[in-house]
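Below: the structure, in C-alpha cells.
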Amino acid sequence: MHTFTQIVLGSGLLMVSIVAQAAIFIVVYNQLRARHPDGHPEAPRSKLMVLIWALAGILFAHTLHVWALAFALVAIDALPHLSEALYFSLSTYTTVGYGDIVLDPGVRTFGAFGAVTGLLAFGLSTAFLAGLVSRLLPHWDGGGHI
C-alpha cells in the first residue's frame, strides 16, 4: 500500500475515532446534566455515580478505538487474525508497542496512526475527566478537605 493511501486511511480512522469519542462524551455529559441540572450533585453517592458513568463512557470510547483499529488491520490484510490484530492494536494504541508483532513496511504508517489516535484519545479523556472532577469538587483545597 502506498504511503499516501496509508496516510489517508489512517487519518480517516483517526477522525472517525475522535468524532466517536466526542459523541460518546456528549451523550455522557447530557445524561449527567439531565440527572443533575445544576451541575453539582451534593450527595457523595451521587458524585460517585457521576464518576462511574464518566469512567464507563471513557472506557467504552477507548474500547471502540482499539477494536476499530484491529478490524481495520484485518480488513487491509495487515494481520491475518483478529486476536493478533487486537493485541497489536491495544499495544500500539497505548503507545507501549512491544515490538513482538511488527507490520510489513507497506502498512506501518497506517499502523502508526493507532498510536496517534491513542495519544489524542487519552488527552481528550483526561480533559473530560478533569473538567468533570472540577465540577464535582469545586471547593477542594488540595488537602483532602471539601
Side-chain angles (χ1 to χ4, degrees), residues 1-41 44-138 140 142 144 146:
M1 183 182 310
H2 295 294
T3 303
F4 180 74
T5 305
Q6 293 180 70
I7 292 171
V8 169
L9 291 176
S11 297
L13 184 62
L14 171 67
M15 292 291 288
V16 168
S17 292
I18 297 303
V19 167
Q21 182 171 5
I24 290 166
F25 288 173
I26 289 169
V27 168
V28 169
Y29 179 77
N30 286 337
Q31 289 296 312
L32 296 174
R33 288 292 285 176
R35 286 181 174 80
H36 304 284
D38 64 351
H40 300 289
R45 182 174 179 184
S46 294
K47 291 180 180 186
L48 178 62
M49 291 308 298
V50 166
L51 284 176
I52 289 171
W53 268 99
L55 290 170
I58 289 170
L59 178 63
F60 180 68
H62 288 292
T63 301
L64 282 179
H65 295 314
V66 170
W67 278 96
L69 179 58
F71 280 122
L73 289 167
V74 171
I76 65 170
D77 292 324
L79 293 169
H81 305 288
L82 184 58
S83 61
E84 188 178 35
L86 187 58
Y87 171 77
F88 177 86
S89 176
L90 187 57
S91 66
T92 300
Y93 181 77
T94 59
T95 67
V96 172
Y98 292 118
D100 51 345
I101 297 175
V102 179
L103 299 178
D104 289 333
V107 291
R108 284 186 187 156
T109 301
F110 175 79
F113 274 90
V116 174
T117 303
L119 286 170
L120 281 172
F122 282 115
L124 286 172
S125 295
T126 301
F128 178 74
L129 199 54
L132 186 63
V133 169
S134 72
R135 284 179 168 256
L136 291 176
L137 306 173
W140 187 42
I146 297 175

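What you see below is based on every heavy atom in this structure, not just the backbone, and it leaves out hydrogens, waters and symmetry mates. Index from 1, following the sequence.
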| query | Can you name the closest pair of heavy atoms from Val28 and Gly57 and give their distance? | reply | CG2-CA, 4.0 Å
| said: For a quick test of reading the model, state the closest non-hydrogen atom pair linking Leu79 to Ala85 and the distance between them. | reply: CD1-CA, 3.5 Å
| Set of side chain to side chain donor-acceptor pair (under 3.5 Å) partners for Ser125, sequence neighbours left out | Gln21, His62
| task | Run the numbers on Val102 and Arg108 for side chain to side chain contact (heavy atoms under 4.5 Å, CB included), then give the verdict. | result | CA-CA 8 Å; Val102 179; Arg108 284 186 187 156; 3.5 Å; yes
| How long is the gap from CZ on Phe88 to CG on Leu73, to the nearest 0.5 Å? | 6.0 Å
| query | With a 4.5 Å limit on heavy-atom distance, are the side chains of Ile58 and Phe25 in contact? | reply | yes
| field | Partner set under side chain to side chain donor-acceptor pair (under 3.5 Å) for Asp100, not counting sequence neighbours | value | Tyr87
| Does Ile76 reach the side chain of Val107, with side-chain heavy atoms less than 4.5 Å apart? | yes
| note | Output for pair (Leu124 CG, Leu119 CG), nearest 0.5 Å, gives 11.0 Å
| field | Ser89 side chain vs Val66 backbone, donor-acceptor pair below 3.5 Å | value | yes
| said: Rounded to the nearest 0.5 Å, what separates atom OH in Tyr93 from atom CG in Leu86? | reply: 13.0 Å
| remark: By ring pair (Phe, Tyr, Trp, His ring centres under 6.0 Å), Trp67 pairs with (sequence neighbours left out) Phe71
| query | Within a strict 4.5 Å, meaning less than it, do heavy atoms of the Val96 and Leu90 side chains meet? | reply | no
| Where do Leu103 and Gly111 come nearest, in terms of heavy atoms and distance? | CD1-CA, 3.7 Å
| said: I need the minimum non-hydrogen distance between Leu69 and Gly114, along with the two atoms involved. | reply: CD2-CA, 3.5 Å
| Minimum-distance pair of heavy atoms, taken over all atoms of His65 and Ile18 | CE1-N, 4.0 Å
| Residue among Leu9, Ile7, Thr5, Val8 satisfying side chain to side chain contact (heavy atoms under 4.5 Å, CB included) with Phe110 | Leu9
| field | Verdict with reasoning, Leu13 to Thr117, per side chain to side chain contact (heavy atoms under 4.5 Å, CB included) | value | CA-CA 8 Å; Leu13 184 62; Thr117 303; 5.6 Å; no
